[in-house]
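Within every chain, numbering begins at 1; the chains are lettered A, B, ... in the order of the sequence lines, protein sequences first and strands thereafter.
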Protein chains: 2
Amino acid sequence: MATSARRERGTSPRRERGTSQSLKALLGIRELVFSGEVGPGVRLSEVTLSGRLGISRTPIRAALAQLDQEGVVEAIPSGGYTVRSFTQVDVADAIELRGALEGVAARIAAERGVPAARLQTMHSLLAELDHVVADPKRTDFAVYIARNGEFHDLLHTLSGSETIRRELERVMRLPFAAPNAFITAQAEMPEIRVSLLVAQAQHRAIVNAIEMREGARAEAIAREHARLARTNLDVMIEDTKLINKVPGLSLISG
Amino acid sequence: MATSARRERGTSPRRERGTSQSLKALLGIRELVFSGEVGPGVRLSEVTLSGRLGISRTPIRAALAQLDQEGVVEAIPSGGYTVRSFTQVDVADAIELRGALEGVAARIAAERGVPAARLQTMHSLLAELDHVVADPKRTDFAVYIARNGEFHDLLHTLSGSETIRRELERVMRLPFAAPNAFITAQAEMPEIRVSLLVAQAQHRAIVNAIEMREGARAEAIAREHARLARTNLDVMIEDTKLINKVPGLSLISG
DNA sequence: TTCCCTTAAGTTGTATACAGCGAGTATACG
DNA sequence: CGTATACTCGCTGTATACAACTTAAGGGAA
């Protein structure tokens with residue numbers, strides 16, 4: 001009786017190109033958590049999720065294990081998982097961590113050198129970001145978010161170390177650690193323009209430092225760059241109106 | 001027919017205190033990989049592992065997913081996993097990463113301050129390590145490894161940031177990133193004594209820096225401390241006789 | 001002989017059955 | 001009326017069944 005995720009045994013539609021049940025479960029549960037539909041501390045029952053998402057327990061269970069690794073969900077000693085709750089300090093630490101890792105990536109890139117082609121791509125991205133930031137009141141945030149994301153992704157690969165890239169990818173999944181985490185909400189804030197201009201200046205400085213093989217400088221700027229996000233976080237926490245604007249902000253309690 | 005992990009349905013002995021099948025699978029597969037019993041690039045079939053470890057596919061599958069996260073095993077796009085192979089550079093990067101994270105932990109600990117009780121524990125560990133290192137030719141490596149591990153574990157918590165501690169715990173699971181990774185082999189090397197003395201001096205310096213609230217210094221020393229491991233790695237790679245002495249060294253190819 | 005296509009075996013992804021453990025509840029006793 | 005105890009329901013951990021997919025092998029044609 002339990003499960004209602006019933007589906008005729010041999011008639012399963014089968015995954016339609018990359019839409020595996022596991023992935024659906026992962027995205028579904030993430031969405032459930034970040035949308036605030038299930039609050040912090042709430043237990044995530046496998047059977048309930050199974051019924052709600054129309055997926056059997058097996059992929060649900062895999063997704064929960066993954067989300068546990070990502071830090072979105074917390075394992076209960078006696079079994080099962082609850083939605084994790086984050087303090088403001090947790091988020092600050094995650095940002096600090098991202099900064100530290102991006103710093104290491106930037107430094108190693110500078111020290112070991114980067115192929116010219118890669119640097120060329122970086123410069124292209126810088127130019128595009130310049131263009132987006134240039135014209136006040138007409139800034140397209142969707143484009144900014146996309147380019148900014150690409151810039152950081154590329155930065156993460158510049159060290160040439162797959163290990164470091166992997167770890168950065170992990171840290172970016174921590175709630176609000178990603179560079180773009182707050183930008184959607186920032187769009188409504190007056191301070192946004194200054195923030196973007198400063199960020200872009202730092203982007204340029206990081207690339208320049210890497211080009212000049214100035215490892216220490218590259219690292220220092222990358223770290224400071226991440227701290228921008230922290231400043232934004234503080235501003236945002238103050239402005240309680242934004243709680244519903246930023247997905248997942250409801251996870252922060254304390 | 002396939003599976004031979006057969007076991008009477010209702011007669012399962014049930015886990016004997018914490019020995020869940022999942023844990024057994026995790027440890028079993030790790031052992032298989034690190035012992036070199038299955039070489040890099042080899043595909044890990046779930047049913048084969050199931051039969052070999054006497055565990056059903058479900059916990060095996062969970063363990064493989066976990067090991068994928070840990071970086072021990074690599075997911076094949078079309079499904080399944082292979083044993084990952086590491087280059088010497090990969091290991092160096094992992095050590096660098098550990099150093100960077102321990103550095104951040106030490107700096108934050110220094111900046112935010114640490115409860116006196118914690119510092120007291122650190123000093124106790126320092127004293128014990130002193131004692132172990134003091135007498136040449138009679139050094140008990142098992143004790144050193146234990147205390148050294150405790151020292152680093154404690155250091156990881158000193159920042160007070162659970163996020164950072166978690167991430168450090170992850171990175172430590174990367175092959176050879178852990179502080180104790182090479183010590184067993186070092187026991188047979190002549191340079192070991194100097195290495196341990198230097199390491200211990202750094203331990204003291206890190207604690208001192210944290211006490212003095214000298215964040216930058218704490219970070220710098222912690223990073224350099226990690227680099228000791230890298231030096232040891234280089235020495236060890238040269239000495240091919242050690243390949244069978246160090247568990248998992250067979251994973252390094254290139 | 002070589003290349004392609006068909007086919008078969010093996011492997012993974014997913015669903016589900018089942019048993020034990022735990023949390024919460026109701027009942028009985030002080 | 002409060003507390004302790006027994007019980008029941010639900011939950012997770014694990015095993016297994018089944019179908020699609022992947023891959024490797026074998027046979028046929030150029």
In whole angstroms, how far is the [atom2] atom of [N] from the [atom1] atom of [X]?
X	N	atom1	atom2	answer
B:Leu64	C:dT11	CG	P	13 Å
B:Arg57	C:dA15	CZ	C1'	12 Å
B:Asp68	C:dT12	CG	P	14 Å
B:Tyr81	C:dT12	OH	P	10 Å
A:Ile76	D:dG10	CD1	P	17 Å
B:Ile60	C:dT12	CD1	P	11 Å
A:Glu46	D:dT14	CD	P	11 Å

Test log, rule side chain to side chain contact (heavy atoms under 4.5 Å, CB included), inputs B:Leu101 and B:Ile164: CA-CA 8 Å; B:Leu101 291 181; B:Ile164 289 175; 5.8 Å; no
Contact summary for A:Ala106 and A:Ala222, nearest pair of heavy atoms: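 Closest approach of A:Ala106 to A:Ala222, heavy atoms only: CB-CB, 4.3 Å.
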Between [options], which nucleotide gets closest to the side-chain atoms of [X]?
X	options	result
B:Ser22	C:dT16, C:dT12, D:dT14	D:dT14
B:Gln21	C:dT12, D:dA15, C:dT16	D:dA15
B:Val47	D:dT12, C:dT11, D:dC18	C:dT11
A:Ile55	D:dT12, D:dT16, C:dA15	C:dA15
A:Thr58	C:dT14, C:dT12, D:dT14	C:dT14

For a quick check, tell me whether the side chain of B:Ser78 and the base of D:dT23 share a donor-acceptor pair closer than 3.5 Å.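 For B:Ser78, whose side chain was compared with the base of D:dT23, there is no donor-acceptor pair (under 3.5 Å).
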Taking atom types as modelled, find out whether [X] and [Y] have a side-chain donor-acceptor pair closer than 3.5 angstrom.
X	Y	answer
B:Asp93	A:Thr163	no
A:Arg170	A:Gln69	no
B:His156	B:Glu169	no

Please classify the nucleic acid contact of A:Ser45 as base, sugar-phosphate, or nothing, using heavy-atom distances under 4.0 Å. sugar-phosphate
For B:Leu44 and for A:Arg43, locate the closest nucleotide of DNA chain C by heavy-atom distance; then report the residue assigned to the nucleotide nearer the 5' terminus. B:Leu44
Whether A:Ser56 contacts C:dA15 is assessed here as follows: a side-chain N or O lying under 4.0 Å from the phosphate OP1 or OP2. Is that the case? yes
